[in-house]
Amino acid sequence: MKPEDRSVVRRTTPPPSETTPLVTPLFPSVVYCAEDADALDAVYEGRAEGYSYAREGHPNASVLADKISWMEGAGQEGVGQGIMTASGMAAISAVFLALLEKGDHIVAGNQLYGRCLRLLSQDLPRMGFEASLVDASDVAAVEAALRPETKILLVEVVANPTLRVADIKGLARLAKERGLIFVVDNTFTTPRAFKPFDHGADLVVHSVTKLLAGHSDVTLGYVGSRDPAHATALYDTITTWGLNASPFDCWLAERGLNTFDLRFQRAQENAKALADHLRGLPGVLRVLYPGEPDHPDGALARDLLQGNFSHMVSFELDADRAGVNAFVRAAGNIAFAPTLGDVGTTISHPASSSHRGLTVEGRAALGISEGFIRVSVGVEDIDLLTREFTDAVAAARRAATREAG
Ligand code: PLP
């Protein structure tokens, strides 16, 4: 055999094996080979299982989407399959790109994630789609914002960073009466605390980047649908607009998902304990944790979430920027990072990050002052956490006293 008759490039046959891997293998392949053109036809037409091109689907996305759909209740009557996307924003964008038609109007919560608010208030209007933003805990306000051409109602179950709670049951009734597509972002709550399909959602979206993946090392989204026609439209949009997820991110997220229940449980216990602790500290003006009696939507949260108030706590320091800086520096080991859902606790300052685009008055209208801090609570030892927060709040107070002096 001549050397040119042997090519390492062609040597792709996997070794035979009578055993199977315990862990889902990573499939980075961009393309999948078929036996012949008829076999490829069968895959494209859905008569045979398989993949053709990774933008159109790959095993790591299928396995992960299946798991999240199962967590969200797939298999129950009417709850269909989900699709992975490159990010949470890609999932939300896909919903609009797949379902809106010329002249359609959107009603959405006014306390959505910042980029989502930008999409609704700048990008979609640029393309001819108007959106009205309203308080999602107030069904009458949402109803008043509806127009004959309203097509989609989008809310987050628990909103960022004020942790206001949407009246999902009332909104689902309204959406049904008015023939709207009801889209619920379940990122903060996760299917462990709330299952939107059980309460009338047509579509559920997630930033899988957050607690579901849980380790701040992937950017991913998910969209699941009840109506097969929505699922088909979403699949076509995601593959055509290139909003698909990468195999490696899906693989990592599936690995993270295996410990999701444990992480959620521990983070939720810590969040409740931290909220109670912060409430007793001098220098803390108010604490927001959804199920508590002093939360503006406490009763709504207790009815919807049934004791699962998740891992997010917000609070207001009696501090200006100097006090906030002192707090952040003294918090030392707690990462100051504008994300959430990591296995470790992170703190963020909405006035200088997610809500920096708003005026001081605009932030004040949402209840976000300079001293407003959002905490994504992790799984650390709670005694360590409470000590760190006690020290950091005390540092903010010392800075405020120095300023006043
Ligand atoms: N939805 C919510 C509630 C979020 O908090 C975020 C991001 O923080 C997103 C959607 C967007 O997700 P991603 O950052 O994965 O695009």
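Counting starts at 1 for both ligands and their atoms, following the listed order.
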Return the residue, atom name and 0.1 Å-rounded distance of the protein heavy atom closest to atom 9 (C) of ligand 1. Y113 CD2, 3.5 Å
Within the 4.0 Å heavy-atom shell around F188, which atoms of ligand 1 are there? 5 (O)
What residue and atom, counting heavy atoms only, is the protein's closest point to atom 15 (O) of ligand 1, and at what distance? T209 OG1, 2.6 Å
Backbone or side chain, does any N or O of A90 fall under 3.5 Å from an N or O of ligand 1? no
Ring-ring centroid check H349 F336, cutoff 6.0 Å: no
Would you say ligand 1 has an N or O under 3.5 Å from any N or O of N160? no
Can you tell me if D185 contacts ligand 1 (heavy atom of the residue under 4.0 Å from the ligand)? yes
Separation between CG of L120 and CG of N110, rounded to the nearest 0.5 Å: 11.0 Å
Can you tell me how far OG of S310 sits from CZ of R192, rounded to the nearest 0.5 angstrom? 10.0 Å
Just let me know how E156 lines up against ligand 1, side chain, backbone, both or neither, with a heavy-atom cut-off below 4.0 Å. side chain
Does a salt bridge link D383 with R387, judged by any charged N lying under 4.0 Å from a carboxylate O? no
Of all the atoms in ligand 1, which lie at a distance below 4.0 Å from a heavy atom belonging to M89? 11 (C), 12 (O), 13 (P), 16 (O)
Supply the atom-to-atom distance H355 NE2 to T162 OG1, rounded to the nearest 0.5 angstrom. 7.0 Å
So how far is it from I152 CD1 to F182 CZ, rounded to the nearest 0.5 Å? 12.5 Å
The option among M312, R115, K210 carrying the non-hydrogen atom nearest to atom 7 (C) of ligand 1 is K210
Between H206 and Y222, what is the ring plane arrangement, given parallel below 30°, perpendicular above 60°, and tilted in between? tilted
